[in-house]
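Here is the structure we will look at, set down as structure tokens.
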Amino acid sequence: QVQLVESGGGLVQAGGSLRLSCAASGRTFSSYGMAWFRQAPGKEREFVGAAINWIGGKTFYGGSVKGRFTISRDNAKNMLYLQMNSLKPEDTGVYYCAAQSRSTSVLDNSRAYDYWGQGTQVTVSS
């Protein structure tokens with residue numbers, strides 16, 4: 001049974017940092033894309049960033065977080081991380097870890113992901 005479990009969310013002041021972790025179990029995702037999405041109340045799920053291995057380990061980011069957030073993955077441990085710096089109140093939301101079960105060039109669409117974690121709340125106060 002595949003499981004993705006996020007951790008590391010919490011309450012932080014604007015300008016602060018948080019590091020989210022996603023532990024995957026049940027299968028290895030080293031050959032496939034893994035990503036972070038977020039969802040604020042009343043808004044659609046938004047692509048935060050993705051890390052893939054099949055194009056030399058590249059990372060991709062959504063426009064609103066580029067330059068502030070960094071994704072990394074440890075394939076040996078089946079872990080995905082999201083380092084969030086210079087946090088803003090608009091970064092508030094539930095952050096979800098997601099994983100693909102097949103290679104695809106589509107990374108920023110939630111429909112391209114087959115496995116999801118339960119989410120972890122991030123709240124940034126002004």
Side-chain angles (χ1 to χ4, degrees):
Q1 181 182 359
V2 175
Q3 272 194 316
L4 301 178
V5 180
E6 303 96 337
S7 61
L11 173 65
V12 64
Q13 287 188 332
S17 299
L18 279 176
R19 188 191 192 214
L20 305 184
S21 299
C22 171
S25 61
R27 66 171 290 174
T28 180
F29 294 100
S30 59
S31 298
Y32 307 116
M34 295 187 74
W36 291 96
F37 287 79
R38 67 186 182 186
Q39 190 164 20
K43 295 187 177 181
E44 293 187 354
R45 195 163 292 191
E46 177 189 12
F47 173 71
V48 174
I52 55 176
N53 270 357
W54 51 275
I55 309 182
K58 292 188 69 175
T59 54
F60 302 88
Y61 297 94
S64 62
V65 307
K66 199 173 294 185
R68 300 187 297 122
F69 291 11
T70 303
I71 287 180
S72 59
R73 58 190 294 177
D74 185 335
N75 289 325
K77 296 181 180 179
N78 231 13
M79 294 288 295
L80 182 72
Y81 304 99
L82 180 67
Q83 178 65 43
M84 306 185 293
N85 297 329
S86 302
L87 282 161
K88 304 175 182 179
E90 50 263 44
D91 294 317
T92 294
V94 178
Y95 282 68
Y96 297 92
C97 174
Q100 297 177 330
S101 62
R102 63 204 182 283
S103 295
T104 171
S105 59
V106 177
L107 295 171
D108 59 354
N109 190 320
S110 60
R111 297 177 183 176
Y113 294 84
D114 305 290
Y115 304 105
W116 291 85
Q118 82 289 348
T120 185
Q121 177 70 44
V122 172
T123 303
V124 184
S125 63
S126 57

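If you take CG on Leu4 and CD on Gln118, they are separated by 9.0 Å, rounding to the nearest 0.5 Å. Here the CZ atom belonging to Phe69 is positioned 8.5 Å from the CG atom belonging to Leu20, to the nearest 0.5 angstrom. Separation of atoms CE (Met34) and CG (Leu82) is listed at 12.0 Å; rounding is to 0.5 Å. Considering OG of Ser126 and CD of Gln13, their distance stands at 9.5 Å, rounded to 0.5 Å.
The backbone N or O of Cys22 sits nowhere less than 3.5 Å from a side-chain atom of Glu6 that would complete a donor-acceptor pair. Thr123 places no side-chain N or O within donor-acceptor distance of the main-chain N or O of Thr92, the cut-off being under 3.5 Å. In terms of modelled atom types and a separation under 3.5 Å, the side chain of Asn78 and the main chain of Arg27 share a donor-acceptor contact.
Residues Val65 and Val124 are members of one and the same hydrophobic cluster, defined by side-chain heavy-atom contacts under 4.5 angstrom among Ile, Leu, Val, Met, Phe, Trp and Tyr. Under the 4.5 Å side-chain heavy-atom criterion for ILVMFWY residues, a single connected hydrophobic cluster contains both Leu80 and Val2. Phe47 and Val122 fall into different hydrophobic clusters, where Ile, Leu, Val, Met, Phe, Trp and Tyr side chains are chained together by heavy-atom contacts under 4.5 Å.
Taking the six-membered ring where the residue is Trp, Trp116 and Phe37 present tilted rings, their angle falling between 30° and 60°.
In this structure, the side chains of Val48 and Met84 stay at 4.5 Å or more apart for every pair of heavy atoms. With contacts defined as side-chain heavy-atom distances shorter than 4.5 Å, the pair Met79/Tyr81 qualifies. Between Thr104 and Tyr32, the closest side-chain pair of non-hydrogen atoms is not below 4.5 Å. The side-chain heavy atoms of Ile71 and Trp36, taken from C-beta on, include a pair separated by under 4.5 Å.
When all heavy atoms of Asn75 and Arg73 are compared, the closest pair comes out as OD1-NE, 3.0 Å. In terms of heavy-atom proximity, Arg102 sits nearest to Arg111 at NH2-O, 4.2 Å. When every heavy atom of Ala35 is checked against every heavy atom of Ala50, the shortest pair comes out as CB-CB, 3.8 Å. Summarising the geometry of Leu18 relative to Gly8, their closest heavy-atom pair is CD2-O, 3.8 Å, with the distance given to 0.1 Å. Closest non-hydrogen pair, Gly33 versus Tyr113, comes out as O-CE2, 4.1 Å. Nearest heavy atoms, Leu11 versus Ser125: CD1-CB, 4.3 Å.
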Intermediate values then yes/no, side-chain hydrogen bond (donor to acceptor under 3.5 Å, both in side chains), Glu46 and Ser64: CA-CA 10 Å; Glu46 177 189 12; Ser64 62; 3.0 Å; yes
Take Asp91 and Arg38 through the side chain to side chain contact (heavy atoms under 4.5 Å, CB included) test and state the conclusion after the steps. CA-CA 9 Å; Asp91 294 317; Arg38 67 186 182 186; 2.8 Å; yes
